[in-house]
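Read the structure below first, then the notes.
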Protein chains: 2
Amino acid sequence: MNAPETLAAVDELDTSFLESLMGYNARRATLVIVDAFLKGMAVHDLRPVDFSVLSVIAHNSGVTSRQLCSALNIQPPNLVGMLNTLEKRGLIHRVPHPRDGRAMSLHLTTQGVTLIKAAEKSAAELEAAITSSLSAGERKTLMALLKKIYA
Amino acid sequence: MNAPETLAAVDELDTSFLESLMGYNARRATLVIVDAFLKGMAVHDLRPVDFSVLSVIAHNSGVTSRQLCSALNIQPPNLVGMLNTLEKRGLIHRVPHPRDGRAMSLHLTTQGVTLIKAAEKSAAELEAAITSSLSAGERKTLMALLKKIYA
DNA sequence: TATTGTTATACTCTATAACTATA
DNA sequence: TATAGTTATAGAGTATAACAATA
């Protein structure tokens, strides 16, 4: 019963082993969510990471680049270009840190505040669409279990 | 109460809005899991994607490149190099497809079978470690809810 | 001596266009 | 005409080393 199997073509794929792994399922779910988020944020000309950066600055006016990097797991050299772009778009501005001459404090401009408000509204709507296959209780449970994994 | 806040430095970051989003939590959890998987698979000199490729071939002897690409969301040009590397390592071999002259059937070598058996054993152990903060019931629930998101 | 922001750079991952052999 | 595998290539995303200014 070995030769026929070895020579046979495969019609439908068995991926049951991969599907038994948390990483496989978490990755697939994340890809679906991030893709929906990516498309939904395109109307604001923001990538997910740009949204995260703006949102953290919005809720933490005066935050430093270094703090942002730690919170969002971004390498400092990779943040520079993002901040330059956001600054050129008139969404943020960098000002000297009040107590540390090396650091820069990040703030949203009026335009930035307007944009992040609209973007966070979009995010909330996307959130509902993304988790529409879940009940309110399931959504809450999923969120809690994911936090347990990375906490 | 606006000026002091604008000028103030930030000590602890408020990331509550991001934490309320499924994408943020799913991505963070996935990063933790994939990183653990990456480190655990390094002893077999396999990246997560190599493990997936070998595992699918192991359970679907004769599968074509195109089928692999569809199942694992890999672009065909990006699979070529991976298969070349696995073939050079003596883990797989490509043979002409029995019923389609354009296609190649993928099979594990004896060495490949030995490796994937050890790697799947490692994967199962990693799985336990990764979800050690969860009860058996929670693990099952998390898996089911993730599948609901991407199904 | 250590840290912040920055530049330059490299490496990986992913995506697209185009070719060939075959269906 | 369409598809499988492949090549070449381009673009993101991510990572490290090193520097000037400041702590």
Side-chain angles (χ1 to χ4, degrees), chain A residues 9-11 13 23 27-28 30-32 34-35 37-39 41-42 45-53 57 62-88 92-107, chain B residues 9-11 13 23 27-28 30-32 34-35 37-39 41-42 45-53 57 62-88 92-107:
Chain A
V10 180
D11 288 332
L13 286 200
R27 182 146 197 281
R28 283 198 60 177
T30 299
L31 283 176
V32 166
V34 169
D35 192 59
F37 202 82
L38 190 83
K39 287 180 171 67
M41 279 299 149
D45 198 13
L46 294 177
R47 296 166 305 162
V49 67
D50 299 317
F51 172 81
S52 300
V53 166
I57 298 176
V63 65
T64 67
S65 295
R66 192 54 63 138
Q67 287 178 304
L68 257 185
C69 287
S70 297
L72 300 177
N73 257 297
I74 298 171
Q75 299 305 313
N78 299 331
L79 182 66
V80 177
M82 299 180 207
L83 294 182
N84 286 342
T85 302
L86 295 174
E87 198 167 37
K88 275 175 196 151
I92 67 165
H93 52 123
R94 290 182 251 217
V95 302
H97 189 279
R99 296 197 306 272
D100 189 334
R102 299 167 301 179
M104 302 297 282
S105 278
L106 304 172
H107 300 269
Chain B
V10 180
D11 288 332
L13 288 199
R27 181 144 198 283
R28 282 198 62 175
T30 300
L31 283 176
V32 166
V34 169
D35 191 59
F37 202 82
L38 190 83
K39 287 182 171 66
M41 279 298 150
D45 198 15
L46 294 177
R47 295 167 305 161
V49 65
D50 299 318
F51 172 81
S52 300
V53 166
I57 298 175
V63 65
T64 67
S65 295
R66 192 53 62 134
Q67 287 178 304
L68 257 184
C69 286
S70 297
L72 299 177
N73 258 298
I74 299 170
Q75 299 305 315
N78 298 331
L79 182 67
V80 177
M82 300 180 206
L83 295 181
N84 286 342
T85 303
L86 295 174
E87 197 167 37
K88 274 173 196 152
I92 66 165
H93 52 121
R94 291 183 249 218
V95 302
H97 190 279
R99 294 196 309 271
D100 188 335
R102 301 167 301 180
M104 302 297 283
S105 278
L106 304 172
H107 301 269

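The structure displayed is predicted, hence computed values, not measured ones. Naming convention: chains lettered A, B, ... in sequence-line order (proteins, then strands); numbering from 1 in each chain.
For B:K88, the salt bridge (charged side-chain N to carboxylate O under 4.0 Å, His left out) criterion is met by no residue, not counting sequence neighbours. Partners of A:D100 by side-chain hydrogen bond (donor to acceptor under 3.5 Å, both in side chains), not counting sequence neighbours, listed by chain and number: A:R102.
In terms of heavy-atom proximity, B:V34 sits nearest to B:P48 at CG1-CG, 4.5 Å. Closest of all the heavy-atom pairs between A:Q75 and A:C69 is C-SG, 4.1 Å.
OP1 or OP2 of C:dT6 sits under 4.0 Å from a side-chain N or O of A:R94. Here A:Q75 does not reach the OP1 or OP2 of D:dT14: none of its side-chain N or O atoms lies under 4.0 Å away. When the side-chain nitrogen and oxygen atoms of B:S65 are compared with OP1 and OP2 of D:dA4, none of them lie within a distance under 4.0 Å.
Rounded to an integer number of Å, the gap from CG of A:L31 to C1' of D:dA12 is 15 Å. Atom pair B:N73:CG and C:dT14:P shows a separation of 10 Å (rounding to whole Å applied). The distance between atom CG of A:L72 and atom P of D:dG13, rounded to the nearest whole Å, is 15 Å. Remark: P of D:dT6 and CG of B:N84 are 7 Å apart, rounded to the nearest angstrom. Per the geometry, CE belonging to B:M82 stands 14 Å off P belonging to D:dT7, to the nearest Å. Remark: P of D:dT3 and NE2 of B:H97 are 16 Å apart, rounded to the nearest angstrom. For A:R99 and D:dA23, the CZ to P distance is 12 Å, given to the nearest whole Å. Put simply, CZ on B:R66 is 9 Å from P on D:dT3, counting in whole angstrom units.
Atom CG of A:L83 and atom CE of A:M104 lie 10.0 Å apart (nearest 0.5 Å). Considering CD1 of B:I92 and OG of B:S105, their distance stands at 11.5 Å, rounded to 0.5 Å. Taking CG from B:L79 and CG from B:L68, the interatomic distance works out to 6.0 Å, rounded to the nearest 0.5 Å.
Contacts classified as salt bridge (charged side-chain N to carboxylate O under 4.0 Å, His left out) and involving residues 66-87 of chain B (residues at least two apart or in different chains) are given here: B:E87-B:R94.
Annotation: the terminal axes of the helix from C:dT1-D:dA23 to C:dA23-D:dT1 meet at 10°, where each axis is the rotation carrying the C1' atoms of four end pairs onto the next four (5 pairs per end, rounded to 10°).
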Identify all pairs in which a protein N or O lies below 3.5 Å from an N or O of nucleotides 17-21 of chain C, and state each distance.
none

Which atoms of nucleotides 11-13 of chain C (N or O only) lie under 3.5 Å from a protein N or O atom, and what are those distances?
{"residue": "C:dC13", "atom": "OP2", "partner": "B:R47", "partner atom": "NH1", "Å": "2.8"}

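Between A:H93 and A:H107, the ring-plane angle classifies as tilted under the 30° and 60° cut-offs.
Nucleotides of DNA chain D nearest to A:I74 and B:T64 differ in position, and the one nearer the 5' end is that of B:T64.
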Assess the residue pair B:I74 and B:V49 against the criterion (side-chain contact (heavy atoms from CB on, under 4.5 Å)); give the C-alpha distance rounded to whole Å, side-chain angles, the decisive distance to 0.1 Å, and a yes or no. CA-CA 9 Å; B:I74 299 170; B:V49 65; 3.8 Å; yes
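Judged purely by atom type and a 3.5 angstrom limit, B:Q67 has no side-chain atom pairing as donor or acceptor with the backbone of A:L13. A:D35 contributes no side-chain N or O that, together with a main-chain N or O of A:V32, makes up a donor-acceptor pair within less than 3.5 Å.
On a pure distance criterion of 3.5 Å, no polar donor-acceptor pair joins the side chain of B:D100 and the base of D:dA4.
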